[in-house]
There are 2 protein chains.
Amino acid sequence: MASDSLTSREKILDAAEALFARRGYAGVGLREVAESVGLVKSSLFHHFRSKAQLYCEVIARVLDRIRLGLAPVLDSDVGPVERLDRGVEALIDALAEHPPTARLLLRSLVEEDDFDSAPEALRVEEALGEILDGMGRLLREGVEAGVFREVSVPHMVQTLIGATVYHFASGDLGERLLGRPVLCAEEVRRRKRELQDLLHSGLVVNFPPRVRSEA
Amino acid sequence: MASDSLTSREKILDAAEALFARRGYAGVGLREVAESVGLVKSSLFHHFRSKAQLYCEVIARVLDRIRLGLAPVLDSDVGPVERLDRGVEALIDALAEHPPTARLLLRSLVEEDDFDSAPEALRVEEALGEILDGMGRLLREGVEAGVFREVSVPHMVQTLIGATVYHFASGDLGERLLGRPVLCAEEVRRRKRELQDLLHSGLVVNFPPRVRSEA
DNA sequence: TTGACTCCCGACCGATCGGTCGGATAGAGT
DNA sequence: ACTCTATCCGACCGATCGGTCGGGAGTCAA
């Protein structure tokens, strides 16, 4: 056991993560997954009951990584603005840590096969719920404290997901726009700053603040 | 001919668009496409040489719709802020017009099969390039005129794509966050306003402007 | 009537899909 | 020596995949 410092199960999960990220659930055959870790297809079924379960475990592992990176930041008791900045940084770090992460996540958000039947889907649901709740809570507190504008919290959560997950999942298109890979260290740093600046001040300089009719 | 006011070719494209949007390129069989328009698989090959060509034509058609909606706005000669607002509105209208649009687009951005070999891929490349160039030009002009902050234009293009395409592609997750379908009329209107407000003023109230020379 | 053309169908092809099954190998505990 | 368990393999299954082929039905022009 542990012939290569990783158990077969973990090697399978790693390979499946990379492949699912590149070609999606339907686009990857179990044979390809197995052979990319030096096994044969039928051997996979000693570790996972089905392709759907393997997929769910891959997704759950990714979401857990993000949750673990995000939770301490969102639970810290600094002000909303600083928590937002650090949250953006933690989220981007989690996405940039392993190249397949963002792409896999974006695909899973758009995949609509019914994996809900699998019991492993509960882990996915749980981690996703905690991440979304945490982001929503931060935004709501900031709005209630008057530190953030009175934005729609759900819409802002969507914007944050789009600005992070989509960006690092954009692959060739992103590289074509930026002129270099979206995951190279400098562009990751730049992404954090650009997104934080946008959240701080928007795009338009000195835009007249919207007249508000309430206290 | 024109038995249902649409040619078979157009009906095939419509059906394929909806199916590719839902389950992706690899997840859709030609048999399913054919039967959803009342044909048999082999009949498709009288209209399209291969599955890859069908896919490329579907994508090209979607990008053309967006380009047609965006071009007049981006070419108008009003100020950058108003052009930005109208561009956001036109882009969102194009995405919300047909439900499969955003999801199909997001999938195509993340799909990395080599469709480039097909000659139809040129239409895709052309339309995509025009859309991206138009957005980039608007942002660059705004920055040079001092109306926009000195943002990274490519990063801002990415953010705009994420905030629009991702949002309307998010399906169940978006509906879960918003409490109602992302494509319902009211939420579409709200999305425009939320995004425009974010671009105008950011998220944080009265954030101190960044000092240009930093350590 | 005859071709020519368009549109469509059913049968068929090799390949691959997810998944099952029986057995081979090896290590650990007794 | 023995069994037990974990791990892996090869053969095999029915179904489906993208794609080909020959031909039938309809229309139009000559």
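It should be emphasised that the depicted structure is a prediction, and the values quoted were computed from it without experimental measurement. Every chain is numbered from 1 and lettered A, B, ... according to where its sequence line falls, protein lines coming before strand lines.
- One cannot find a donor-acceptor pair under 3.5 Å joining the base of dC7(C) and the side-chain atoms of H46(B).
- For the pair L39(A) CG and dA6(D) P, the computed distance is 17 Å after rounding to whole Å.
- Between Q53(A) atom CD and dG18(C) atom P the separation is 15 Å, expressed in whole Å.
- Look at NE2 on H47(B): it is 8 Å from C1' on dC8(C), rounded to the nearest Å.
- A pairwise comparison of heavy atoms in D85(A) and Q196(A) identifies O-NE2, 3.0 Å as the closest pair.
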**Prompt:** Can you check salt bridge (charged side-chain N to carboxylate O under 4.0 Å, His left out) on D14(A) and R61(A), steps first, answer last?
**Reply:** CA-CA 10 Å; D14(A) 285 342; R61(A) 211 174 52 142; 2.9 Å; yes

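- Between R31(B) atom CZ and dA11(C) atom P the separation is 13 Å, expressed in whole Å.
- Between dG18(C) and S50(A), no contact under 4.0 Å exists linking OP1 or OP2 to a side-chain N or O.
- Side chain of K51(B) to main chain of V28(B): a donor-acceptor pair is present (N/O by atom type, distance under 3.5 Å, no hydrogens or angles).
- Under 4.0 angstrom from either OP1 or OP2 of dC9(C) there lies at least one side-chain N or O belonging to S43(B).
- In this model, the phosphate group of dC9(C) is not approached by any side-chain N or O of S42(B) to a distance below 4.0 Å at OP1 or OP2.
- For a distance-only test at 3.5 Å, the side chain of K41(B) qualifies as a donor-acceptor partner of the base of dG19(D).
- Among the heavy atoms of the strands, none lies under 4.0 Å from G27(B).
- V28(A) comes within contact range of the sugar-phosphate backbone alone, with a heavy-atom separation under 4.0 Å but no base atom that close.
- At whole-Å resolution of the value, CD in E32(A) and P in dA15(C) are 18 Å apart.
- Atom CG in L30(A) sits about 16 Å away from atom C1' in dC9(D), given to the nearest Å.
- You'll find the side chain of L109(B) stays beyond 4.5 Å of the side chain of L106(A), heavy atoms only.
- Rounded to whole angstrom, the span from the CD atom of E35(A) across to the C1' atom of dC17(C) amounts to 14 Å.
- Comparing dG10(D), dC8(D), dG18(C) by their nearest atom to the side chain of S8(A) picks out dC8(D).
- The distance between atom CZ of F45(A) and atom P of dG22(C), rounded to the nearest whole Å, is 16 Å.
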**Message:** Would E194(B) and T159(A) count as a side-chain hydrogen bond (donor to acceptor under 3.5 Å, both in side chains) here? Give the steps.
**Reply:** CA-CA 9 Å; E194(B) 292 284 337; T159(A) 300; over 6 Å; no

